[in-house]
2 protein chains.
Amino acid sequence: MNDTPPKDTAPPRTRIQQKNRKAILEAALEVFSQYGFRGSRLDQIAQASGLSKPNLLYYFPSKEAIHSELLTCLMDTWLDPLRALDPGGDPREEILAYMRRKLEMSRDYPRESRLFANEILQGAPRIREAITGELKALVDEKAEVIRRWGEEGAIAPVNPHHLIFSIWALTQHYADFEVQVRLILEGHEEDPYPEAERYLEALFSRLLAPESAPAGA
Amino acid sequence: MNDTPPKDTAPPRTRIQQKNRKAILEAALEVFSQYGFRGSRLDQIAQASGLSKPNLLYYFPSKEAIHSELLTCLMDTWLDPLRALDPGGDPREEILAYMRRKLEMSRDYPRESRLFANEILQGAPRIREAITGELKALVDEKAEVIRRWGEEGAIAPVNPHHLIFSIWALTQHYADFEVQVRLILEGHEEDPYPEAERYLEALFSRLLAPESAPAGA
DNA sequence: CGTGATTCTGACCAATTGGTAAAACAATAC
DNA sequence: GTATTGTTTTACCAATTGGTCAGAATCACG
């Protein structure tokens, strides 16, 4: 009678635990990202992970715990692209590169994007603190960098917060609304992403180009 | 024993029916837009509408029916802003005006936007046909108009479908991610919308400005 | 008022769902 | 081997949830 299921604080010990925890989180991502927390059933996650429902609850104490683990893991990697925005780099190229990284994340990790979207749609009850803490701090910091770039004339002066919002909105749209995008593009494009990148590059290039650049200032 | 609850096909007759159906749909919008279909409970809708649960089911045959009614009503008004895009108007002004109308809808009807977002996130199981039918037809039609404008040099030539996607993404973001936007803007802006309008106007103005306009083509 | 149609409620039901208990099974240690 | 630890299953529970039904309350109307 072992009463010590794997703790969150310490990494799982045995190979079996690693494998099964990973399978559960993978399955949970699939399900939660589509139906949201309350709309998802443990049965679905169990079936998707190939384990039995009670076995799930051997590895995680509750449905809530699975979701929570998923979200906190996500929040960390989700901010990486913005963290990488280098105040010392070329302003326009930095912002364009950030947009490209975010678009890549939408392409390669659409479920993570939808998990996040679901959470925000529901009022962000489980990540409010991460938003007002970590995220807000990071955004404010980078917004200040962008503001300075605008002031210095390296890019057109735009509202930095809304610039960041627009990058989020435009890139995540391709993941969160993927179904709609693909249905509408049927008969025009098979894969939306190549055109999306070209379009967004043009959009942000023109937005950020210092006014009447060729005339020099 | 009256066996004829109000039908969807005919408008409700009595004043009481009008009032209660409206209250139910209003409450259902509030709940469904936050939790999605499967995450919402009839109890919540009942309580929010001030009616008892069995009374809800006197007016609507099922939870599904309430949601369905809400969605079909929405789809119709949701397309109005795009329908109003006039092929005979001034190209740049038409597109900017469309963006502004969409932004207004996000501001004035955020719950409708979130209801829609929730549905798409879940794979659009209930409005697939409306998307591949009505919506796709309308988008293709207006995209063709925009493509022509680009060809004629009235606006910069951009991918018209992705232009439309970008308008959706940017404007709906303020409704769908409202919580996040407000949390991050805390200490900077009280109401995001005035700045949003200014920012988006700049963004689309620059995107659509014909290249080196003063030099002529 | 009284009569019939409409609206509403309390009690109930069957199915679902998150979660538990305990024992069976597997792996590892000694 | 056998004891111990770790993993999985079977059987089950209590709460929730969508939905039903018979009758009570209310309304419309002559």
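Quick caveat: nothing in here was measured; it's all calculated off a predicted structure.
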### Query
Taking CD from B:E64 and C1' from D:dT17, how many angstroms apart are they, rounded to a whole number?
15 Å
## Note on the structure
Residues in residues 47-55 of chain B with a heavy atom under 4.0 Å of DNA chain D, by number, are B:K53, B:P54
### Query
Within less than 4.0 Å of OP1 or OP2 of C:dT7, is there a side-chain N or O belonging to B:Q17?
yes
### Message
Using whole Å, what does the distance between atom C1' of nucleotide C:dT16 and atom NZ of A:K63 come to?
### Response
12 Å
### Task
Could you list the residues that satisfy ring-ring contact (aromatic ring centres under 6.0 Å, His included) with A:F204, not counting sequence neighbours?
none
### Contact letters for nucleotides 24-30 of chain C, in which S counts primed atoms plus P, OP1 and OP2 and B counts the base, heavy atoms under 4.0 Å
-------
Extract all donor-acceptor atom pairs below 3.5 Å that involve side chains of residues 119-126 of chain A and protein atoms in other chains or at least two apart in sequence.
residue : atom : partner : partner atom : Å
A:E119  : OE2  : A:R126  : N            : 2.8
A:R126  : NH1  : A:E64   : OE1          : 3.2
A:R126  : NH1  : A:E64   : OE2          : 3.1

### Message
I'd like to check the side chain to side chain contact (heavy atoms under 4.5 Å, CB included) partners of B:K53; sequence neighbours left out, ordered by chain and number.
### Response
B:L42, B:D43, B:A46
### Task
Could you tell me whether the side chain of B:L183 reaches within less than 4.5 Å of the side chain of B:F177, counting heavy atoms only?
no
### Summary
Hits for side chain to side chain contact (heavy atoms under 4.5 Å, CB included) against A:P87, two or more places apart or cross-chain, chain-then-number order -> A:K142, A:V145
### Query
Are any of B:Y58's side-chain N or O atoms less than 4.0 Å away from OP1 or OP2 of C:dC8?
no
### Task
Indicate the atoms forming the closest heavy-atom contact of B:W78 with B:E112, along with that distance.
CZ3-CB, 3.9 Å
### Query
Can you list the residues that meet the side-chain hydrogen bond (donor to acceptor under 3.5 Å, both in side chains) rule with B:E178, with sequence neighbours excluded?
B:R114, B:R182
## Note on the structure
From CG of B:L57 across to P of D:dT17 the rounded distance in Å is 14 Å
### Task
Please list, chain by chain and in numerical order, all residues satisfying side-chain hydrogen bond (donor to acceptor under 3.5 Å, both in side chains) with A:R147, sequence neighbours excluded.
A:E144, A:E151
### Partner residues of A:Q47 under the side-chain hydrogen bond (donor to acceptor under 3.5 Å, both in side chains) criterion, sequence neighbours left out
none
### Separation of atom CD1 in A:I45 from atom P in C:dT17, rounded to whole Å
12 Å
### Message
Could you tell me how far apart B:Q18 (CD) and C:dT7 (P) are, to the nearest whole angstrom?
### Response
11 Å
## Note on the structure
For A:H161, the ring-ring contact (aromatic ring centres under 6.0 Å, His included) test, sequence neighbours excluded, returns B:H188
## Note on the structure
To the nearest angstrom, the CG-C1' distance between B:L56 and C:dT9 comes to 13 Å
### Query
Looking at DNA chain D, which of residues 22-44 of chain A put a heavy atom within less than 4.0 Å of it?
none
### Spacing between A:Y59 atom OH and D:dG6 atom P, to the nearest angstrom
12 Å
### Query
With A:E93, which residues qualify under side-chain hydrogen bond (donor to acceptor under 3.5 Å, both in side chains), at least two apart?
A:R100
### Task
Measure the distance from CZ on A:F60 to C1' on C:dT20 and round it to the nearest whole Å.
19 Å
